[in-house]
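Written below as structure tokens is the structure these notes are about.
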Protein chains: 2
Amino acid sequence: MPERKPRKDAARNRQALLAAADALFARCDSPDGVTLAAIAAEAGVGKGTLFRAFGDRPGLLRALYAARLEPVKEAVEAGPPPLGPTTPPQQRVPALLDALLCFKLDNRRLALALEETGNGSPYRAEHYEHWHNLLDTMLARIPGLTDSDFTAHALLAAVRADLVEHLAGNERVPRERLRAKLAAFTARVLDSGPMRELAGDD
Amino acid sequence: MPERKPRKDAARNRQALLAAADALFARCDSPDGVTLAAIAAEAGVGKGTLFRAFGDRPGLLRALYAARLEPVKEAVEAGPPPLGPTTPPQQRVPALLDALLCFKLDNRRLALALEETGNGSPYRAEHYEHWHNLLDTMLARIPGLTDSDFTAHALLAAVRADLVEHLAGNERVPRERLRAKLAAFTARVLDSGPMRELAGDD
DNA sequence: AAAGAATGCGGACCCTCGGTCCGCTTAACG
DNA sequence: CGTTAAGCGGACCGAGGGTCCGCATTCTTT
């Protein structure tokens with residue numbers, strides 16, 4: 001097995017770098033303003049260390065993003081309703097989108113940085129595929145809903161980092177208002193269909 | 001009036017640069033692969049000329065994009081139905097989105113390049129605001145549709161260049177199929193609402 | 001515990017690319 | 001045809017991502 005455990009200082013530096021990057025992204029306005037040299041400096045290590053630990057810029061970003069996203073993933077995969085897997089699609093889809101929106105609101109800069117430095121499109125990022133698959137599967141279970149594939153893309157597009165940033169940051173739409181609008185939109189997409197007139201219960 | 005007419009060679013070079021950029025974007029896969037030096041070389045002029053003509057990279061991109069988009073804008077503002085202003089929102093909204101989708105399909109690389117080099121978010125680009133305003137206004141006229149503002153953003157997000165590129169380019173979804181999916185999604189968004197059961201005519 | 005091996009560190013270095021500058025060219029106009 | 005200034009080109013600059021390699025630190029072995 002080629003797996004050797006990493007040295008202690010390496011692990012520590014890795015953490016320091018993640019923390020430094022996080023801090024800098026939170027502090028700076030534009031993600032491009034955060035240089036790798038600056039991150040290394042903030043962490044108190046050399047550039048070489050950074051590259052050894054993460055390979056390149058996207059690598060670092062992905063690592064940070066993955067770390068931050070972990071709790072959400074957890075909550076979706078094994079958490080309690082309405083996010084958890086036991087919830088029926090009709091409620092779980094809106095819950096998921098809301099969770100994603102909240103996540104991006106809480107990690108605005110970081111999400112922005114990843115989606116725009118992600119080397120081209122965010123659609124190649126593994127986590128995108130993850131959410132898309134999940135959403136797609138859930139949507140496919142909703143009766144009367146066709147094209148779950150495209151619909152999943154479209155719904156995810158509604159919570160893209162730069163749109164969220166634009167609305168929350170530039171236009172100062174308050175958090176709860178944004179969530180409400182997204183919820184309304186999601187409901188509109190899910191509740192449509194040919195036989196809407198008889199579904200008034202619950 | 002401070003407006004002096006430009007010299008003949010200047011105008012010619014400007015055109016040559018636009019054409020060169022167009023060609024290179026069409027040829028190259030990644031928009032980042034197209035450097036300004038390459039564009040200048042392709043056009044047979046020096047870099048200085050390029051910068052004199054367009055100021056900077058985004059400037060060139062915007063100019064190119066605007067030129068390409070002009071016909072669409074024209075068709076929307078003064079063309080025949082279903083794109084023109086005489087069409088009622090219910091039909092005009094899908095028509096507009098379809099036109100936008102087709103445009104991005106026909107100008108994939110270019111649209112990609114603009115949206116990702118547009119210095120941060122595409123949401124600051126004037127043309128985005130243009131389409132958003134128009135869509136917003138149209139949506140507001142549709143009875144039973146709330147949050148026209150957010151809905152407009154969400155619908156536009158469904159035809160973003162990188163998503164289109166992902167679907168048409170990476171996943172090889174054929175043009176007509178994509179258009180159909182978008183149309184279905186749009187219809188779903190528009191046709192929803194509380195009093196769906198009585199609208200069978202047209 | 002000491003010594004050898006291997007892993008990791010740091011920052012000088014390189015390269016590419018957007019953008020600037022300035023002396024020369026050339027269109028425009030009288 | 002001469003004057004003028006708009007325009008041209010490409011050498012040059014600075015910034016930032018990524019590489020490299022001699023030195024330091026940690027792990028392993030006896």
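In what follows, every chain begins at residue 1, and chains take the letters A, B, ... in the order their sequences are listed.
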Salt bridge (Lys or Arg N to Asp or Glu O under 4.0 Å) partners of residues 128-139 of chain B, not counting sequence neighbours, each pair once: none
In whole angstrom, give the distance that lies between atom CZ of A:F54 and atom C1' of D:dG17. 16 Å
Expected string for nucleotides 17-26 of chain C under the B/S/- scheme (protein heavy atoms, under 4.0 Å, primed atoms plus P, OP1, OP2 as sugar-phosphate) is SBBB-----B
Under the rule for side-chain hydrogen bond (donor to acceptor under 3.5 Å, both in side chains), what residues qualify as partners of B:R27, not counting sequence neighbours? B:E42
With sequence neighbours excluded, residues passing side-chain hydrogen bond (donor to acceptor under 3.5 Å, both in side chains) with B:D29: none
According to salt bridge (Lys or Arg N to Asp or Glu O under 4.0 Å), does anything in residues 89-108 of chain B pair up with another residue at least two apart or in another chain? List the pairs. B:D98-B:R179, B:K104-B:E115, B:D106-B:R175, B:R108-B:E165
Would you list the pairs meeting salt bridge (Lys or Arg N to Asp or Glu O under 4.0 Å) in which at least one residue belongs to residues 62-83 of chain B, sequence neighbours left out? B:D22-B:R68
Gap between atoms CG and C1', on A:L60 and D:dG18 respectively (whole Å): 14 Å
Spell out, as yes or no, whether a donor-acceptor pair under 3.5 Å connects the side chain of B:R57 to the backbone of B:L36. no
With sequence neighbours excluded, what pairs up with B:D56 under the side-chain hydrogen bond (donor to acceptor under 3.5 Å, both in side chains) test? none
Taken in chain and number order and not counting sequence neighbours, the residues that satisfy ring pair (Phe, Tyr, Trp, His ring centres under 6.0 Å) with A:Y65 are A:F103, A:H127
Does anything in residues 10-21 of chain A reach DNA chain C, meaning a heavy atom under 4.0 Å, and if so which residues? A:A10, A:N13
